[in-house]
Amino acid sequence: MKGELIRRATPVDIPFLVEAIVSAEKSGTDRCGLATLFGQSEAQVRTHIAAMLNEEVDGCELSVSSFLVSVVDGEPAAAVAGWVEGWQDDLPSGLLKSNLIGATFAPEALEHLRHHADVLAGIRVERDKDTLQLDYVFTADRFRGMGCAARLIEAHLRLARTIMPPWSKAQVQAFSGNVRAIRVYERLGFTVVRKFAALHPRVTDFLPSAEKVLLERAL
């Protein structure tokens, strides 16, 4: 698109990345899992996300280096996180994310999560090792419909094919209620390969949906 620059995120982008993460967590609803599961306000969670991004732990979705950003006429328009699972020191991204959360959130927030951990039963998706993982796909409101996020996803796929070892596939997760995002992924060649349904009856008090889908595309 004319006037668009696609580049890697830098620490200057952290406020925009915080917005991207919160918006993706909500998935079109008013429920942000990072807030509800930890008993935190959205403002508190935004502060925590910024702190975790500032730690710069490679190999997970809460790393500045994982993000590509679309800039249109000098303004951030979209962001998408992408990393190869387990490539950094052979550590799973879930462990890296848990360590960041444990070092950032207050003890009472961690206890709140432990008390409500059963909410995640059945809906937690394990990430496959040695696959390109995509997450936190976000487009700012005024840039919607321009294809910015789709071009960022394609840019991540190109990077995975050219500057990394020959990984076999890319994966992206979505809440089933986020039909618009799923359609975008399917237009880009992703296919739903599995569904994950929550077992807890109150899951939608905490998360945007009671079901997630896992989509894959060959590299």
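These values consider heavy atoms only, across backbone and side chains, with no hydrogens, waters or symmetry-generated copies.
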Side chains of Trp83 and Asp135 in contact at under 4.5 Å (non-hydrogen atoms): yes
Check: Ser23 side chain, Ala20 main-chain N or O, donor-acceptor pair, under 3.5 Å: no
Rounded distance (nearest 0.5 Å) linking atom CG of Leu120 with atom CG of Leu199: 10.5 Å
Arg127 and Glu61 ion-paired at < 4.0 Å: yes
Trace of the salt bridge (charged side-chain N to carboxylate O under 4.0 Å, His left out) decision for Arg217 with Glu186: CA-CA 9 Å; Arg217 171 178 159 173; Glu186 290 177 331; over 6 Å; no
Arg31 and Glu25 ion-paired at < 4.0 Å: no
Exceeds 12 heavy-atom contacts within 6.0 angstrom, atom NZ of Lys129: yes
Backbone N/O of Leu100 and side chain of Thr104: donor-acceptor pair under 3.5 Å: yes
No-hydrogen, no-angle side-chain donor-acceptor test under 3.5 Å, Ser41 and Gln44: yes
Exam field: side chain His156 to backbone Leu152, donor-acceptor pair closer than 3.5 Å: no
Phe190 side chain reached by Val213 side chain, heavy atoms, under 4.5 Å: no
Value rounded to 0.5 Å, distance of CG in Leu34 from CD1 in Ile101: 6.0 Å
Near-ring test His48/Phe105, centroid separation under 6.0 angstrom: yes
Test item: Leu159 and Arg161 side chains (from C-beta on) under 4.5 Å apart, heavy atoms: no
Side-chain heavy atoms of Asp130 within contact of Ser168, under 4.5 Å: no
Straight-line distance of Ser93 OG to Asp58 CG, nearest 0.5 Å: 12.5 Å
Side-chain heavy-atom pair Leu68, Val80 within 4.5 angstrom cut-off: no
Over-ring placement of Lys212 relative to Phe196, 6.0 Å and 45° cut-offs: no
Sidechain-backbone polar pair: His116 side chain, Leu37 backbone, donor-acceptor under 3.5 Å: no
Glu75 side chain vs Val72 backbone, donor-acceptor pair below 3.5 Å: no
Pair Glu19 + Arg46: basic N to acidic O under 4.0 Å: yes
Check: Lys26 and Pro208 side chains under 4.5 Å, non-hydrogen atoms: no
Non-hydrogen side-chain atoms of Ile49 and Val22 separated by less than 4.5 Å: yes
Atom CZ of Arg114 with >12 non-hydrogen neighbours under 6.0 angstrom: yes
Backbone N/O of Thr131 and side chain of Gln171: donor-acceptor pair under 3.5 Å: no
Electrostatic pair Asp13:Arg7 at N-O distance under 4.0 angstrom: yes
Carboxylate-amine/guanidinium contact Glu154 Arg158, below 4.0 Å: no
Carboxylate-amine/guanidinium contact Glu216 Lys169, below 4.0 Å: yes
Phe206 and His200 aromatic ring geometry - parallel, tilted or perpendicular at 30°/60° bounds: perpendicular
Connected via hydrophobic side-chain network under 4.5 Å: Val137 and Ile21: no
Side-chain touch Ile153/Tyr185, heavy atoms, less than 4.5 angstrom: yes
Heavy atoms from other residues, nucleotides or ligands near CZ of Arg124 exceed 12 (cutoff 6.0 Å): no
